[in-house]
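In what follows, a single structure is set out as structure tokens and then discussed.
Naming: A, B, ... by sequence-line order, numbering from 1 per chain.
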Amino acid sequence: MSKDDARLERLQGMLRQRGIILPAFDLYGGAKGLYDFGPVGGRLRSRLNQVWLDHWLSLGNVVEISCPTVTPYEVLEASGHVGEFSDFMTVCGQCDEASRADTLLEGYHPNPDALAKAELQSLLEEVNPECPSCSSRDWSEIIAQNLMFSTTIGQGSEGFMRPETAQGMFTSFPALYRHFRERLPFGAVQVGKGYRNEISPRQGMIRLREFNMAELEYFIDPNEPLEHDFSSWSSKIFNLVDGEGTLHSMSLAQAVEKELIRHATVGYFMGKTYDFLVGIGIDSSRLRFRQHAADEMAHYASDCWDAEIEGSYGWIECVGIAHRGCYDLEAHEKATGKTLRARREFSEPKIVEIDGWTIDGGVAGPAFRADAGQVKTIVESFESSVEFPADITLSDGRVVTVQSEHVKRVQKTVKETGEWFIPHVVEPAFGIDRILWHVIDHAFEETEKAGEPYRMLKLADSIAPIDVAILPLFEKDGMDELALELHQRCCQKAGIVSLYDGSGSIGKRYARADEVGVPICVTVDHQSVEDRTVTIRNRDDGSQTRISMDELPFL
RNA sequence: GCGAGCGUAGUGUAGUGGUUAUCACCGGGCGUUGCCAACGCCUGAACCCGGGUUCGAGUCCCGGCGCUCGCACCA
């Protein structure tokens, strides 16, 4: 076992014992890929969510929404998840090793990932590749393994648990567009659960079947480059790994200018992401951004940068910042026939001369009956120079003759002041559990105290699950009453979580508080009973100061 | 899903067929102690689940569940 593995095990043991992160349904033997946030972890998670929300809402043109996790089949069919969000697996008949069919066929097709199941099956049979583990050539039929959790809605309609929160924001586009008075750019954020029925969840909190995600969908006009202020990062050098794996160390503004980052808004959100992660305690030296290679991109993305954080499991993708283009809104438009567009006014109105034909409904209607609609479409496509009577061919091959009394000349001037277009979307998507894991990993500090191992979580104040621990030096002589009174006062303060601990020696209580990352401990001692002063102990350096208990900074 | 290893109190562990399952930390109570895991006494807590072999199973066998690693996938 390596040194890091041993540290990881000690950390996980501590997290279980202190009620931060525990295996879910442990009582029943546990359930793979599912975790509980315990009495301390629950608060930690909600704090992190709140800091995340505040961070993005501060942009000023972003709103928070909340959509269902249960999602109708059609929505995820339109978004491409039903078709794309699956792996096609095949099993070796000799060694039982399961492989992805598209991976096996990589050398035989430019993009096997894009093939439909039947095409993939026939290509597999044609090529019959070697098994990577036993070199035989004996493959089972391909099985589609969809990564979404199926469910039934009501009596019989099919649905899924959402694999991402994003679709709810796309389907809410009309309400968002109205809310923002039909002016781009704007965004919507959502924090909530997502579900992926992973074949094999691994690495603790890193790959889960139910997980917390936080996503921003930022809608922009692709024709109007946005002005983004990169000045706050001007002196920061970012670690940027491009699609070929080459590391570039430069400022964000430079990277955008050199088009290493292809879109300024993506670059801007990378900066905002950096601020968020470092703000909650991620070690900036163990943070980098990596661009997806073309073949690595999700089915909806046209450019994507991941924020990767280094921790006990190596470099892990914790945030994906994707340029989704108009993919999603267009897909939902096509599926529903509804308009999911924004209006762009021209700087100068366009004058369009229309000179052509249309049908005279009163005459052509009775004459062509069911075909009248088709006749109209065809006639309206004619140049003004066409002469009637004219023979036209309908879609089923029949030929009808259009007489001059069936048609009318159309001549008008139309002024177009703008046009409708499908907005593009830039999406920063955060894996909250992965981030939380790395926050803990980076905050976990092992030292020694009097020869004994000593552990603490140096969590940022903004996410610490417990703000203050109130400790009576002894539970007697009035110290316990005074401490309880103070504890009650703290708890009544909105946003403050206080922990009362009167059990064990004072040193032991400090140690326990340090393990759950309480930034300050307030100790009520004999002098407190005399003059209502208390000592405040700082977690990170152990320093203590005495102060009147009525003047505590957070009250 | 397949292969390999593993599964004993809250945590970390000892126990390789023999009856009251080890040790430490831990949790609780009382006492003591004037502030960094102190001490004393008392006390709490476990063999993952189910089948099998055996006179007897924590220990051996089979199946399930879970954990770790590899293949694979991803926020």
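Across all strands shown, B/rG34 has no partner, as no Watson-Crick or G-U wobble contact with both distances under 3.5 Å is found. The nucleotide B/rG70 finds its pairing partner in B/rC2, both defining distances of the Watson-Crick or G-U wobble pair being shorter than 3.5 Å. When both pairing distances are held under 3.5 Å, B/rC26 makes a Watson-Crick or G-U pair with B/rG44. Remark: B/rA14 base-pairs with no nucleotide in the shown strands. Criterion, Watson-Crick or G-U wobble with two distances under 3.5 Å.
Under the stacking definition used here (centres under 5.5 Å, planes under 30°), the residue A/Phe211 qualifies as stacked on the base of B/rA75.
Side-chain proximity of A/Ser503 to the nucleotides B/rG29, B/rA37, B/rC74 is greatest for B/rG29. Taking the side chain of A/Lys508 as heavy atoms from C-beta on, and the options B/rC35, B/rG27, B/rG66, the nearest nucleotide is B/rG27. Taking the side chain of A/Lys476 as heavy atoms from C-beta on, and the options B/rA38, B/rU33, B/rA75, the nearest nucleotide is B/rU33. Counting only heavy atoms from C-beta on, A/Arg512 has its side chain closest to B/rG28 among B/rG28, B/rC69, B/rG34. Of the candidate nucleotides B/rA37, B/rA38, B/rC36, B/rA37 has the atom lying nearest to any side-chain atom of A/Ala511. The side chain of A/Tyr510 lies closest to B/rC36 when the candidates are B/rA75, B/rG27, B/rC36. When distances run from any side-chain atom of A/Gln17 to the nucleotides B/rG34, B/rU11, B/rG27, the shortest one goes to B/rU11. Looking at the side chain of A/Arg16, the nearest of the listed nucleotides B/rA38, B/rG12, B/rG34 is B/rG12. Listed candidates were B/rG66, B/rA75, B/rC35. Nearest to the side chain of A/Glu317 is B/rA75.
Here A/Ile316 lies out of heavy-atom contact (under 4.0 Å) with every strand. Heavy atoms of A/Gly542 sit under 4.0 angstrom from at least one base atom. Contact annotation for A/Gly33: backbone-only contact, meaning every heavy-atom pair under 4.0 Å involves sugar-phosphate atoms and none involves a base. In this structure, A/Leu473 reaches the bases: a heavy-atom distance under 4.0 Å links it to at least one base atom across the strands shown.
Between B/rG50 and B/rA57, the distance separating the two C1' atoms is 15 Å to the nearest Å. Separating the C1' atom of B/rC60 from that of B/rC47 is a span of 16 Å, rounded to the nearest Å. Using atom P as the reference point in both B/rC69 and B/rG34, the two lie 50 Å apart (nearest Å).
Residue side chain A/Arg509 does not reach the base of B/rC36 through any donor-acceptor N/O pair under 3.5 Å, judged by distance alone. A donor-acceptor contact under 3.5 Å is formed by the side chain of A/Glu515 with the base of B/rA37. Not a single donor-acceptor pair, N or O on each side, falls under 3.5 Å between the base of B/rC65 and the side chain of A/Tyr28. If you check distances only, the side chain of A/Arg196 does reach the base of B/rA75 with a donor-acceptor pair under 3.5 Å. The base of B/rA72 sits with one of its N or O atoms less than 3.5 Å from a complementary donor or acceptor on the side chain of A/Arg207.
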